[in-house]
Protein chains: 2
Amino acid sequence: MDESRDADAVPGRSCRTDPSCYCQLGGVLELLSRKHAIQVICLVGETGPVRYGEIEDAFGAVSSSTLSARLDELVGAGYLAREQYDEIPPRVEYDLTTTGEQLQQRLQPLLEWAVIHEEFEDAPTET
Amino acid sequence: MDESRDADAVPGRSCRTDPSCYCQLGGVLELLSRKHAIQVICLVGETGPVRYGEIEDAFGAVSSSTLSARLDELVGAGYLAREQYDEIPPRVEYDLTTTGEQLQQRLQPLLEWAVIHEEFEDAPTET
DNA sequence: CTTCAACACTTCGGACTCCGAAGTATAAAC
DNA sequence: GTTTATACTTCGGAGTCCGAAGTGTTGAAG
């Protein structure tokens with residue numbers, strides 16, 4: 001046995017190799033546990049390059065401040081790419097990066113299940 | 001064109017059948033976009049029935065108030081089951097429900113990818 | 001010349017969520 | 001009588017989110 005174990009040594013490091021440690025897990029999950037993050041990734045993944053306004057419309061109920069914060073974060077973290085065209089009126093398009101696509105692939109089954117699950121959630125109970 | 005479209009009619013209903021509508025998507029995602037919700041589901045799924053203290057330990061950095069709020073929500077939403085034994089000191093165990101297991105199965109690939117992805121995130125860039 | 005429309009955002013006050021240290025309850029062990 | 005163990009609450013302060021209104025540009029409409 002090695003005493004270089006991670007039990008309570010350096011939190012947030014060796015945890016990566018310890019399947020029983022869920023401390024933080026850092027970046028991605030932290031990012032995904034913000035409002036609309038999951039949906040944004042999936043929306044962009046399904047529709048391809050999307051404009052800011054289209055995302056806003058697709059959601060229907062997001063404050064633009066929160067949405068643009070989320071987009072900034074996702075761009076900053078390398079999951080989304082932002083392409084800006086210098087036209088009038090302005091045009092900006094968001095698309096998944098390669099990493100973003102990987103993420104979206106893991107998110108897709110969840111989203112599909114969520115949609116179906118919600119549909120039947122009002123159905124008669126079978127106890 | 002039919003005017004029976006759902007464009008701006010009843011938000012949050014016909015959306016379920018419209019793949020281009022991401023408005024809210026309600027319950028599950030709302031729940032998952034709270035701190036630690038994803039990790040809790042996966043932790044319980046991987047380790048089986050877990051006690052409150054074990055969850056707290058596994059995370060290392062959660063405020064107990066937030067954790068117990070999250071647990072309450074997940075129990076209330078039907079993803080977790082809470083079993084209480086009347087012993088001293090008290091013992092409470094959380095486990096996944098059938099629905100919770102379905103959710104965890106969709107979350108697992110995400111979590112595994114996250115772990116690997118974070119490991120290499122400090123690796124030398126290739127620009 | 002003035003106004004309006006389009007678009008992608010900011011800004012700001014108020015509401016909601018989260019943190020973290022301290023406290024609650026019970027009974028056995030010391 | 002004090003400590004220990006467990007599963008939570010409570011509370012003030014910090015951080016996040018909402019949503020209505022505003023910003024800047026330029027061409028088209030009046």
Side-chain angles (χ1 to χ4, degrees), chain A residues 8 11-12 22-40 43-44 47 49-77 80-95, chain B residues 8 11-12 22-40 43-44 47 49-77 80-95:
Chain A
D8 45 46
Y22 276 75
C23 60
Q24 304 293 65
L25 243 192
V28 196
L29 292 187
E30 186 76 23
L31 209 55
L32 291 180
S33 71
R34 305 265 181 106
K35 278 286 181 69
H36 311 110
I38 294 177
Q39 288 100 315
V40 167
L43 173 62
V44 178
T47 66
V50 202
R51 305 180 58 166
Y52 178 89
E54 296 178 312
I55 302 178
E56 222 172 16
D57 292 346
F59 281 96
V62 202
S63 73
S64 43
S65 51
T66 305
L67 177 57
S68 88
R70 214 66 341 119
L71 288 169
D72 282 354
E73 291 162 14
L74 292 172
V75 169
L80 287 184
R82 194 188 107 114
E83 183 89 30
Q84 175 170 357
Y85 303 89
D86 284 330
E87 307 171 354
I88 295 294
R91 182 159 66 100
V92 173
E93 287 186 349
Y94 293 91
D95 202 358
Chain B
D8 44 47
Y22 277 73
C23 58
Q24 306 293 67
L25 243 192
V28 196
L29 293 187
E30 186 77 22
L31 210 55
L32 291 180
S33 71
R34 305 265 180 105
K35 277 285 180 67
H36 312 111
I38 294 177
Q39 288 101 315
V40 166
L43 172 62
V44 178
T47 66
V50 202
R51 303 181 60 167
Y52 179 89
E54 295 177 313
I55 302 178
E56 223 172 16
D57 292 346
F59 281 97
V62 204
S63 73
S64 44
S65 51
T66 305
L67 178 56
S68 88
R70 212 71 337 121
L71 288 170
D72 281 355
E73 290 162 14
L74 292 171
V75 168
L80 286 185
R82 195 187 105 114
E83 183 90 30
Q84 176 170 357
Y85 304 88
D86 284 331
E87 308 171 354
I88 295 292
R91 181 160 66 100
V92 172
E93 287 185 349
Y94 293 90
D95 200 0

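None of these values were measured; they are calculated from a predicted model. Naming convention: chains lettered A, B, ... in sequence-line order (proteins, then strands); numbering from 1 in each chain.
- Atom CZ in A/R91 sits about 17 Å away from atom C1' in C/dC9, given to the nearest Å.
- Nearest nucleotide to the side chain of A/S65, out of C/dT17, C/dC9, C/dC12: C/dC12.
- For C/dA8, one of the phosphate oxygens OP1 or OP2 lies less than 4.0 angstrom from a side-chain nitrogen or oxygen of A/R51.
- Following rounding to the nearest Å, A/D86 (CG) and D/dG27 (P) show an atom-to-atom distance of 14 Å.
- If you take CG on B/L32 and CG on B/L74, they are separated by 8.0 Å, rounding to the nearest 0.5 Å.
- Nearest nucleotide to the B/P90 side chain, out of C/dC19, D/dT6, C/dT17: D/dT6.
- With the nearest nucleotide of DNA chain C identified for both B/S64 and B/L67, B/L67 has the one nearer the 5' end.
- The side chain of B/R70 places an N or O atom within less than 4.0 Å of a non-bridging phosphate oxygen (OP1 or OP2) of C/dC18.
- We find that CG of A/L31 is positioned 12 Å from P of D/dT16, with the value rounded to whole Å.
- Rounded to whole Å, the distance from CZ on B/R34 to C1' on D/dT16 is 12 Å.
- Rounded to a whole Å, the CD atom of A/E87 is 17 Å from the P atom of D/dT25.
- In this structure, CD of B/E73 is placed 15 Å from P of C/dC16, rounded to the nearest angstrom.
- To the nearest angstrom, P of C/dA6 lies 14 Å from CD of A/E56.
- In this structure, B/Y94 reaches the sugar-phosphate backbone alone: every heavy-atom distance under 4.0 Å involves primed, P, OP1 or OP2 atoms, never a base.
- Taking only side-chain atoms of A/R82, from C-beta outward, the nucleotide of C/dA8, D/dC17, D/dC8 with the closest atom is C/dA8.
- In this structure, CZ on A/F59 lies 12.0 Å from NZ on A/K35, to the nearest 0.5 angstrom.
- If you take CG of B/D57 and C1' of D/dA7, they are 12 Å apart, rounded to a whole angstrom.
- A/S68 has no side-chain polar atom (N or O) that falls below the 4.0 Å cut-off from OP1 or OP2 of C/dA8.
- Using a 4.5 Å heavy-atom cutoff, the side chains of A/E83 and A/D95 are not in contact.
- Contact annotation: the side chain of A/V40 never approaches that of A/L43 to less than 4.5 Å [non-hydrogen atoms, C-beta and beyond].
- Looking at the side chain of B/P89, the nearest of the listed nucleotides D/dT9, D/dC17, D/dT6 is D/dT6.
- Across the interface with DNA chain C, nearest-nucleotide mapping of A/D72 and A/I88 shows A/I88 to be the residue nearer the 5′ end.
- Taking 3.5 Å as the limit, the base of D/dT16 and the side chain of A/T66 contain no donor-acceptor pair of atoms between them.
- Counting only heavy atoms from C-beta outward, the side chains of B/R82 and B/L71 never approach each other to under 4.5 Å.
- Contact annotation: A/K35 does not reach the phosphate of C/dC16 (side-chain N/O to OP1 or OP2, under 4.0 Å).
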